[in-house]
Amino acid sequence: MLDVARYVEAAQAQDCQVILDGYQALGIVPTDVAALGVEYYLSGTHKYLLGTEGFAFLYAAGGGTPHAPGWMAADDPMVMDLIGRDLSPAARRFESGTPNVAGAYACRASLTLLSQLPAPVRLSQVHACVSVVRRACDHAGLGVVTPREPARHAAMIALRAHDAGTTAPAMLESGLLVSARGPVVRISFHAYNTLDEAGRIAEWVAAHPHHFQQETP
């Protein structure tokens, strides 16, 4: 989890704008884009918003004007005038192409589902799942890249592996879907994951410590 306020303060001191990528946060981390103080906030639906790929969000504080507006950015796209057109006064001025209709339907369904559970509750659940795995790693003395403090991480915990490309398939054989990311195995939870499921991962890690690196002093 980034300390966004510090980034914004540093950027403002240099007269720079901040574009924040919220793909790994939105859907799990309670987010008030206006309170963040950033000029632009980007996120999409295919991660923790439980939607499809190809559907994204852009928040632009104070509006702004795109430097290379697409066809759909016009106030009336059907005029087909890329030279003399007026841009949409609303957020559509940032549209880069034809709207993703299928993605919009999926997005509406996923947001309806997620709205039944407040974001703080979702974050609390993933923190609890991460803690289960971390305790197993601590007990076995295994290296964890993810910060220990709950305020500094969201839904993921990354374990140092000797060969993540071998460890991830080995875990999949036991029904545990994780991601190999360079030198780490990345385990990601959502609010629908249970503590029992987190416990299955913890048990696998404890039973296969040879896959993972020991924690360095």
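Note that this is a predicted model, so its numbers are computed, not measured.
The number of heavy-atom neighbours closer than 6.0 Å to CD of Glu9, taken from other residues, nucleotides and ligands shown, is 12 or below. Within a 6.0 Å radius of CG in Leu111, other residues, nucleotides and ligands contribute more than 12 heavy atoms. For Met78, the CE atom counts as loosely surrounded, since its 6.0 Å shell holds 12 or fewer non-hydrogen atoms of other residues, nucleotides or ligands. At most 12 heavy atoms of other shown residues, nucleotides or ligands fall within 6.0 angstrom of atom CG in Asp15.
The side chain to side chain contact (heavy atoms under 4.5 Å, CB included) check on Ser110 picks up Leu50, with sequence neighbours excluded. Looking at residues two or more places apart in sequence or on another chain, you find a side chain to side chain contact (heavy atoms under 4.5 Å, CB included) between Gln213 and Arg160, His162. The side-chain hydrogen bond (donor to acceptor under 3.5 Å, both in side chains) check on Ser88 picks up nothing, with sequence neighbours excluded. In this structure Glu53 satisfies the side chain to side chain contact (heavy atoms under 4.5 Å, CB included) test together with His46, sequence neighbours excluded. For Val33, the side chain to side chain contact (heavy atoms under 4.5 Å, CB included) criterion is met by Thr31, Tyr41, Tyr59, not counting sequence neighbours. By the side-chain hydrogen bond (donor to acceptor under 3.5 Å, both in side chains) test, Thr194 is found to be paired with no residue, residues two or more places apart in sequence or in another chain being considered. Every residue meeting the side-chain hydrogen bond (donor to acceptor under 3.5 Å, both in side chains) condition with Glu197, not counting sequence neighbours, appears here in chain and number order: Asn193.
Taking NE2 of His210 as the start and NE2 of His208 as the end, the distance is 6.0 Å to the nearest 0.5 Å. With rounding to the nearest 0.5 Å, the separation of CG in Leu87 from CD in Glu95 is 12.5 Å. Rounding to the nearest 0.5 angstrom, the gap separating the CH2 atom in Trp71 from the CG atom in Asp81 is 13.5 Å. We find the CG-CG distance between Leu113 and Leu49 to be 11.0 Å, quoted to the nearest 0.5 Å. In this structure, CD1 on Ile187 lies 5.0 Å from CD1 on Ile201, to the nearest 0.5 angstrom.
Taking hydrophobic clusters as Ile, Leu, Val, Met, Phe, Trp and Tyr residues chained together by side-chain heavy-atom distances below 4.5 Å, Leu26 shares a cluster with Val18. Following chains of ILVMFWY side-chain contacts shorter than 4.5 Å, one cannot reach Tyr40 starting from Phe57, and the two form parts of different hydrophobic clusters. Cluster annotation: Tyr7 and Leu20 are assigned to the same hydrophobic cluster (Ile/Leu/Val/Met/Phe/Trp/Tyr, side-chain heavy-atom contacts under 4.5 Å, transitive). Clustering ILVMFWY residues whenever any of their side-chain heavy atoms sit less than 4.5 angstrom apart, transitively, puts Met72 in the very cluster that holds Met80. By the criterion of side-chain heavy atoms lying less than 4.5 angstrom apart, applied directly or through intervening Ile, Leu, Val, Met, Phe, Trp or Tyr residues, Ile28 is not grouped with Leu2; the two fall into different hydrophobic clusters.
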Practice task
Decide yes or no on side chain to side chain contact (heavy atoms under 4.5 Å, CB included) for Val8 and Leu36, but give the supporting numbers first.
Solution key: CA-CA 8 Å; Val8 171; Leu36 289 171; over 6 Å; no
Practice task
Go through the steps for Leu159 and Leu142 under the test side chain to side chain contact (heavy atoms under 4.5 Å, CB included), then give the verdict.
Solution key: CA-CA 8 Å; Leu159 315 185; Leu142 305 180; 5.9 Å; no
Problem - Full working for side chain to side chain contact (heavy atoms under 4.5 Å, CB included) between Gln125 and Leu117 - result: CA-CA 11 Å; Gln125 179 65 13; Leu117 195 64; over 6 Å; no
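When all heavy atoms of Ser43 and Gly22 are compared, the pair lying nearest together is OG-O, 3.3 Å. Considering every non-hydrogen atom in both Ala198 and Cys129, the closest pair reads CB-O, 3.7 Å. Considering all non-hydrogen atoms of both residues, Val126 and Ala154 come closest at CG2-O, 3.9 Å. Residues Pro69 and Ala73 come closest through the heavy atom pair CB-CB, 3.7 Å. Nearest heavy-atom pair across Met171 and Phe212 is SD-CZ, 4.5 Å. The shortest heavy-atom contact between Ala155 and Val130 is O-CG2, 3.8 Å.
Checking side-chain atoms of Glu39 against main-chain N and O of Ala61 turns up no donor-acceptor pair under 3.5 Å. Side-chain atoms of Thr146 come within 3.5 Å of backbone N or O of Ala158 as a donor-acceptor pair. No side-chain donor-acceptor contact under 3.5 Å links Arg134 to the backbone of Val144. A donor-acceptor pair under 3.5 Å links the side-chain atoms of Arg92 to the main chain of Asp75, judged by distance alone. Here the side chain of Arg186 pairs no donor or acceptor atom with the backbone of Met156 at under 3.5 angstrom.
Within the structure, side chain to side chain donor-acceptor pair (under 3.5 Å) pairs that include any residue of residues 111-120 do not occur (at least two apart or interchain). For residues 136-147, the pairs satisfying salt bridge (charged side-chain N to carboxylate O under 4.0 Å, His left out) are Asp138-Arg148, with sequence neighbours left out. Among residue pairs with one or both ends in residues 86-128, those qualifying as ring-ring contact (aromatic ring centres under 6.0 Å, His included) are His127-His153; sequence neighbours excluded. Sorted by first and then second residue, the pairs that involve residues 178-199 and meet ring-ring contact (aromatic ring centres under 6.0 Å, His included), not counting sequence neighbours, are Tyr48-His190, His190-Tyr192. Among residues at least two apart or in separate chains, side chain to side chain donor-acceptor pair (under 3.5 Å) pairs with a member in residues 163-180 are Asp163-Thr166, Thr167-His211, Ser174-Trp204.
Between Arg85 and Val79, the closest side-chain pair of non-hydrogen atoms is not below 4.5 Å.
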